[in-house]
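Read through the structure below, which is laid out as structure tokens, and then see the notes.
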Protein chains: 2
Amino acid sequence: MARKMEPIERCDCDVIHDDIVRQVKNKMPQEETLYDLAELFKVFGDSTRIKILWALDEAEMCVCDIAFLLNMTQSAVSHQLRVLKQVDLVKNRRDGKNVFYSLDDEHVKQIFNQGLIHISEEDN
Amino acid sequence: MARKMEPIERCDCDVIHDDIVRQVKNKMPQEETLYDLAELFKVFGDSTRIKILWALDEAEMCVCDIAFLLNMTQSAVSHQLRVLKQVDLVKNRRDGKNVFYSLDDEHVKQIFNQGLIHISEEDN
DNA sequence: ATAATATATGAACAGTTGCTCAATCGATCA
DNA sequence: TGATCGATTGAGCAACTGTTCATATATTAT
């Protein structure tokens with residue numbers, strides 16, 4: 001996690017590399033943008049959360065329903081819903097004793113589908 | 001990580017929920033598919049790997065070039081390239097003392113862009 | 001051969017993650 | 001009011017992750 005502060009020493013590669021590296025450096029998005037992107041994918045990088053998101057894409061559901069569907073404790077589901085809410089992937093509304101969760105982003109399924117394309121191509 | 005084996009007890013929610021939950025359950029992809037999807041996103045869930053992938057999308061580069069570009073040790077970069085290779089996101093070729101890495105999937109940028117769409121919409 | 005360079009790899013370590021468990025909060029109902 | 005149900009929250013923990021460091025391997029140059 002901790003980043004080295006002293007610049008890495010350059011290897012003896014050709015000057016050609018030098019130009020390419022400089023070009024790539026200029027084309028790269030901002031450090032912060034790439035960090036945020038990683039943070040988003042980190043949220044997708046857990047099968048429990050993937051399942052929850054996929055389920056909520058089908059229908060709005062309360063916590064206990066999700067827990068039953070995924071065969072998990074309410075507590076575990078609640079913890080994960082919290083994570084999903086923090087990054088604005090889901091929203092919720094209270095109805096009596098229940099709290100209903102639903103998707104708060106229409107691109108989730110598109111992102112998933114892109115990922116599935118990669119997976120299906122791996123089996124070659 | 002460890003999954004509970006005894007089924008979660010059902011809450012006293014309406015019978016309506018029961019139907020919805022059953023419907024959602026039927027529509028959900030296979031457990032394994034969702035697991036694989038999470039594994040893929042887990043790889044994207046690290047800013048170092050995101051940077052490497054983004055860089056390699058611009059140009060083929062050797063390990064020391066990537067290390068210099070990202071101001072990281074060769075070792076750290078090499079470890080991450082190994083991870084990326086294991087999931088078929090990058091490929092490599094040796095040229096003398098150097099090993100050149102390049103992208104092995106054309107959808108990477110598309111997946112990134114989908115993610116960026118979500119991020120940019122968060123700032124509301 | 002030896003030395004030098006580029007990369008890979010394994011152990012170790014700190015930091016993080018996702019779950020369980022217990023306690024708590026919020027709303028409803030007797 | 002107290003009892004109950006659904007949901008949330010915090011502590012604690014085992015498992016995992018990403019880096020560093022030291023070492024090993026592979027290729028080239030001397």
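As the structure is a computational prediction, the values presented were derived from the model and not from experiment. Chain letters run A, B, ... following the sequence lines, proteins first and then strands; every chain starts at 1. Any value given below was found using the heavy atoms of this structure, including those in side chains, with hydrogens, waters and symmetry copies removed.
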Exercise for review: Ignoring backbone atoms, establish whether Tyr101(B) has a side-chain N or O less than 4.0 Å from OP1 or OP2 of dA8(C).
Suggested key: yes
Review point. Going by the angle between their ring planes, with limits at 30° and 60°, are Phe41(B) and Phe41(A) parallel, tilted or perpendicular?
Key: parallel
Check your understanding: What is the distance, rounded to the nearest whole Å, between atom CG of Leu70(B) and atom C1' of dT19(D)?
Key -> 14 Å
Practice item. In whole angstrom, give the distance that lies between atom CG of Leu84(A) and atom C1' of dT17(C). Key: 14 Å
Revision key, fill the gap. Rounded to whole Å, NZ of Lys42(B) lies from C1' of dG18(C) at a distance of 10 Å
Practice item. Just compare dA8(C), dG18(D), dT20(C) and give me whichever is closest to any side-chain atom of Arg49(B). Key: dG18(D)
Point to revise | Distance below 4.0 Å between Gln74(A) side-chain N/O and dG6(D) OP1 or OP2 | key: no
Practice item. Could you check whether His79(A) and the base of dT9(D) form a stacked pair, meaning centres closer than 5.5 Å and planes differing by less than 30°? Key: yes
Practice item. Specify the separation, in whole Å, of atom CZ of Phe68(A) and atom C1' of dA7(D). Key: 18 Å
Check your understanding: Counting only heavy atoms not in Lys27(B), do more than 12 fall under 6.0 Å of its NZ?
Key -> no
Study note, to complete from the structure: Rounded to whole Å, CE of Met72(A) lies from P of dT17(C) at a distance of 16 Å
Review point. If only atom types and distance count, is the side chain of Arg94(A) paired as donor or acceptor with the main-chain N or O of Gly96(A) below 3.5 Å?
Key: yes
Exercise for review: Please confirm whether the backbone N or O of Leu53(B) pairs with a side-chain atom of Asp57(B), one donor and one acceptor, at under 3.5 Å?
Suggested key: no
Check your understanding: Going only through I, L, V, M, F, W and Y residues with side-chain contacts under 4.5 Å, is there a path from Ile52(A) to Phe100(A)?
Key -> no
Practice item. Please determine if a side-chain N or O atom of Ser78(A) lies less than 4.0 Å away from the OP1 or OP2 oxygen of dA7(D). Key: no
Practice item. Report yes if a side-chain nitrogen or oxygen of Gln80(B) is closer than 4.0 Å to either non-bridging phosphate oxygen (OP1 or OP2) of dT19(D); otherwise report no. Key: yes
Review point. Does Thr48(A) make a side-chain N or O approach to OP1 or OP2 of dC19(C) shorter than 4.0 Å?
Key: yes
Check your understanding: Closer than 4.0 Å, any side-chain N/O of Asn98(A) to the OP1 or OP2 of dA7(D)?
Key -> yes
Review point. Want to settle it: does Gly45(A) or Asn92(B) sit nearer the 5' end of DNA chain C, counting the closest nucleotide to each?
Key: Asn92(B)
Revision key, fill the gap. Separation of dT27(D) atom C1' from Arg93(B) atom CZ, nearest Å, is 15 Å
Review point. Lys85(B) has an atom NZ; how far is it from atom C1' of dA8(C), in whole Å?
Key: 12 Å
Review point. For atom NZ of Lys85(A), is the number of surrounding heavy atoms from other residues, nucleotides or ligands below 6.0 Å larger than 12?
Key: no
Exercise for review: Considering just the side-chain nitrogens and oxygens of Ser75(B), establish if one lies under 4.0 Å of OP1 or OP2 belonging to dT7(C).
Suggested key: no
Revision key, fill the gap. In whole angstroms, the gap separating P of dA24(D) from CZ of Arg82(B) amounts to 17 Å
Practice item. State, to 0.1 Å, how close Tyr101(A) and Leu56(A) come at their nearest heavy-atom pair, and which atoms those are. Key: O-CD2, 3.3 Å
Could you list, one pair per line, each protein nitrogen or oxygen that sits under 3.5 Å from a nitrogen or oxygen of nucleotides 25-30 of chain C, together with the distance?
none

Point to revise | Short side-chain donor-acceptor distance under 3.5 Å, Gln110(A) and Gln114(B) | key: yes
